[in-house]
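Letters A, B, ... are given to chains in the order of the sequence lines, protein chains preceding strands, and every chain is numbered from 1.
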2 protein chains.
Amino acid sequence: MNTNQQFSISIHILTLLAAMPEQLLTSEQIAASVNTNPVVIRRVMGHLRAHGLVESRPGASGGWKLSRAPEQIHLCSVYDAFSHTDLLGMHRHPNTNCPIGAKITPALEKVFGQAEKAMHETLSGFTVKDVLEEIQS
Amino acid sequence: MNTNQQFSISIHILTLLAAMPEQLLTSEQIAASVNTNPVVIRRVMGHLRAHGLVESRPGASGGWKLSRAPEQIHLCSVYDAFSHTDLLGMHRHPNTNCPIGAKITPALEKVFGQAEKAMHETLSGFTVKDVLEEIQS
DNA sequence: ATAATTTGTAACTATAATGGTTACAAATGA
DNA sequence: TCATTTGTAACCATTATAGTTACAAATTAT
């Protein structure tokens with residue numbers, strides 16, 4: 001139940017890009033808003049780009065912009081860009097000689113799967129535009 | 001989005017206790033099923049006891065048992081015993097001189113709160129008895 | 001062309017969380 | 001009185017992450 005900040009940082013960045021749609025923002029500029037190192041930003045952006053959410057241009061006067069309108073970027077898509085590890089962690093080696101240990105894993109997967117699905121559906125109800133409007137209200 | 005195993009281990013333990021309602025189980029016995037060290041079990045059990053889910057008796061022929069019927073232990077209560085850190089991590093120091101950075105935190109809290117609430121409600125739909133029956137089916 | 005800028009990425013460090021382990025006092029029952 | 005078991009502190013190893021430095025490749029501006 002931890003806590004990597006990449007999802008949170010991603011929403012921050014996407015909202016920032018949505019607020020300045022006319023220009024490319026550099027990693028340096030974005031890092032100033034998030035208050036971290038530009039390389040941290042580029043790492044996060046790499047995932048977002050791989051999922052088609054942002055585009056970059058290297059070189060002088062390069063930078064980043066959204067690749068779709070903010071109302072078309074749902075937060076579940078942002079979440080998916082980082083959901084390599086499951087949210088609810090599973091313990092690894094239950095004793096399969098125990099009747100409970102032998103079957104607990106699939107039982108937990110069923111429950112955890114439903115729980116994460118519920119969260120995912122909630123995230124699908126918000127877009128980057130929603131977040132921007134919340135901030136500007 | 002990681003992954004501490006305490007929630008998962010807890011459900012395993014509670015299901016095991018539910019399967020053997022007649023006897024006290026020792027940390028050693030429980031650890032054998034979970035396949036870990038007895039101290040890890042006692043640590044987890046401490047949280048569960050603090051939330052009224054299990055009872056212990058120290059000393060010879062001591063051990064652990066559920067403090068309520070398994071159909072009265074909802075998985076959301078188990079989750080609550082460990083939800084000290086929020087599931088979706090927040091980045092810490094957005095730049096408050098930036099209009100977005102200044103307001104992103106409460107906006108994220110609103111979204112994350114709803115997402116976690118959805119997950120919590122899903123967990124409230126399952127009890128330890130449900131997990132046990134799933135395993136025994 | 002050349003220089004300046006910016007991404008893209010590898011490599012490394014520091015920090016924090018976690019699981020696992022040892023050790024031992026306190027409680028309890030046989 | 002002794003054996004057993006919880007309760008807990010202390011420590012170590014591992015892992016994930018954020019942050020940092022460094023530099024090649026790409027691109028634009030002059």
Side-chain angles (χ1 to χ4, degrees), chain A residues 1-10 12-13 17 23-50 53-65 67 81-95, chain B residues 1-10 12-13 17 23-50 53-65 67 81-95:
Chain A
M1 330 253 193
N2 320 5
T3 137
N4 87 23
Q5 309 172 21
Q6 295 181 348
F7 180 46
S8 169
I9 290 176
S10 294
H12 182 151
I13 296 171
L17 293 177
Q23 44 191 303
L24 295 183
L25 294 186
T26 68
S27 311
E28 193 103 27
Q29 292 170 316
I30 296 168
S33 175
V34 175
N35 213 356
T36 186
N37 190 289
V39 177
V40 173
I41 300 299
R42 285 183 214 130
R43 267 205 293 249
V44 168
M45 297 308 262
H47 290 280
L48 298 180
R49 184 182 45 213
L53 304 180
V54 297
E55 294 170 11
S56 64
R57 207 177 60 203
S61 76
W64 300 89
K65 70 182 186 75
S67 50
F82 298 98
S83 58
H84 29 76
T85 49
D86 283 333
L87 204 53
L88 296 172
M90 198 86 76
H91 61 298
R92 311 197 186 289
H93 312 294
N95 181 352
Chain B
M1 328 245 191
N2 313 6
T3 134
N4 87 24
Q5 309 172 20
Q6 296 181 347
F7 180 48
S8 170
I9 289 177
S10 293
H12 181 151
I13 296 172
L17 293 177
Q23 44 191 303
L24 295 184
L25 294 186
T26 67
S27 310
E28 192 103 27
Q29 291 169 318
I30 296 168
S33 175
V34 175
N35 213 357
T36 186
N37 190 288
V39 177
V40 173
I41 300 298
R42 286 184 214 131
R43 266 204 293 249
V44 169
M45 297 308 261
H47 290 281
L48 298 181
R49 184 182 44 212
L53 304 180
V54 297
E55 295 170 10
S56 64
R57 208 179 59 204
S61 77
W64 301 88
K65 71 182 185 76
S67 51
F82 298 99
S83 57
H84 29 75
T85 48
D86 283 333
L87 203 55
L88 295 173
M90 198 86 77
H91 60 299
R92 311 196 187 288
H93 312 294
N95 181 351

Could you state the [atom1]-[atom2] distance from [X] to [N], rounded to the nearest angstrom?
{"X": "A:H47", "N": "C:dG8", "atom1": "NE2", "atom2": "C1'", "value": "13 Å"}
{"X": "A:M45", "N": "C:dT9", "atom1": "CE", "atom2": "P", "value": "14 Å"}
{"X": "A:R92", "N": "C:dG19", "atom1": "CZ", "atom2": "C1'", "value": "10 Å"}
{"X": "A:E28", "N": "D:dT21", "atom1": "CD", "atom2": "C1'", "value": "14 Å"}
{"X": "A:L48", "N": "C:dG8", "atom1": "CG", "atom2": "P", "value": "12 Å"}
{"X": "B:I9", "N": "C:dG19", "atom1": "CD1", "atom2": "P", "value": "6 Å"}
{"X": "A:L25", "N": "C:dT5", "atom1": "CG", "atom2": "C1'", "value": "16 Å"}
{"X": "B:H93", "N": "D:dA18", "atom1": "NE2", "atom2": "C1'", "value": "11 Å"}

Distances under 3.5 Å between nitrogen or oxygen atoms of protein and nucleotides 27-30 of chain C:
{"from": "C:dT28", "atom 1": "O2", "to": "B:A60", "atom 2": "N", "distance (Å)": "2.9"}
{"from": "C:dG29", "atom 1": "O4'", "to": "B:A60", "atom 2": "O", "distance (Å)": "3.4"}

Working to the nearest 0.5 angstrom, can you tell me the gap between [X] [atom1] and [Y] [atom2]?
{"X": "B:W64", "Y": "B:R42", "atom1": "CH2", "atom2": "CZ", "result": "8.5 Å"}
{"X": "B:N95", "Y": "A:I30", "atom1": "CG", "atom2": "CD1", "result": "13.5 Å"}
{"X": "B:L48", "Y": "B:S56", "atom1": "CG", "atom2": "OG", "result": "11.0 Å"}
{"X": "A:L24", "Y": "A:S61", "atom1": "CG", "atom2": "OG", "result": "7.5 Å"}
{"X": "A:E28", "Y": "A:I41", "atom1": "CD", "atom2": "CD1", "result": "10.5 Å"}
{"X": "B:Q5", "Y": "B:T36", "atom1": "CD", "atom2": "OG1", "result": "8.0 Å"}

Query raised in the report: With a non-hydrogen cut-off below 4.0 angstrom, is B:G63 in contact with a base, only sugar-phosphate, or nothing?
Result: sugar-phosphate
Query raised in the report: Should A:Q6 be listed as having a side-chain N or O under 4.0 Å from OP1 or OP2 of D:dA18?
Result: yes
Query raised in the report: Using a cut-off of less than 4.0 Å, is there contact between a side-chain N or O of B:S56 and OP1 or OP2 of D:dG7?
Result: yes
Given side chains that start at C-beta, do those of [X] and [Y] come closer than 4.5 Å, heavy atoms only?
{"X": "A:L17", "Y": "A:K65", "result": "no"}
{"X": "B:S27", "Y": "B:M45", "result": "no"}
{"X": "A:N4", "Y": "A:F82", "result": "no"}

Quick one: which protein N/O atoms are closer than 3.5 Å to N/O atoms of nucleotides 21-25 of chain C? Pair and distance per line, please.
{"from": "C:dT21", "atom 1": "OP2", "to": "B:N37", "atom 2": "ND2", "distance (Å)": "3.4"}

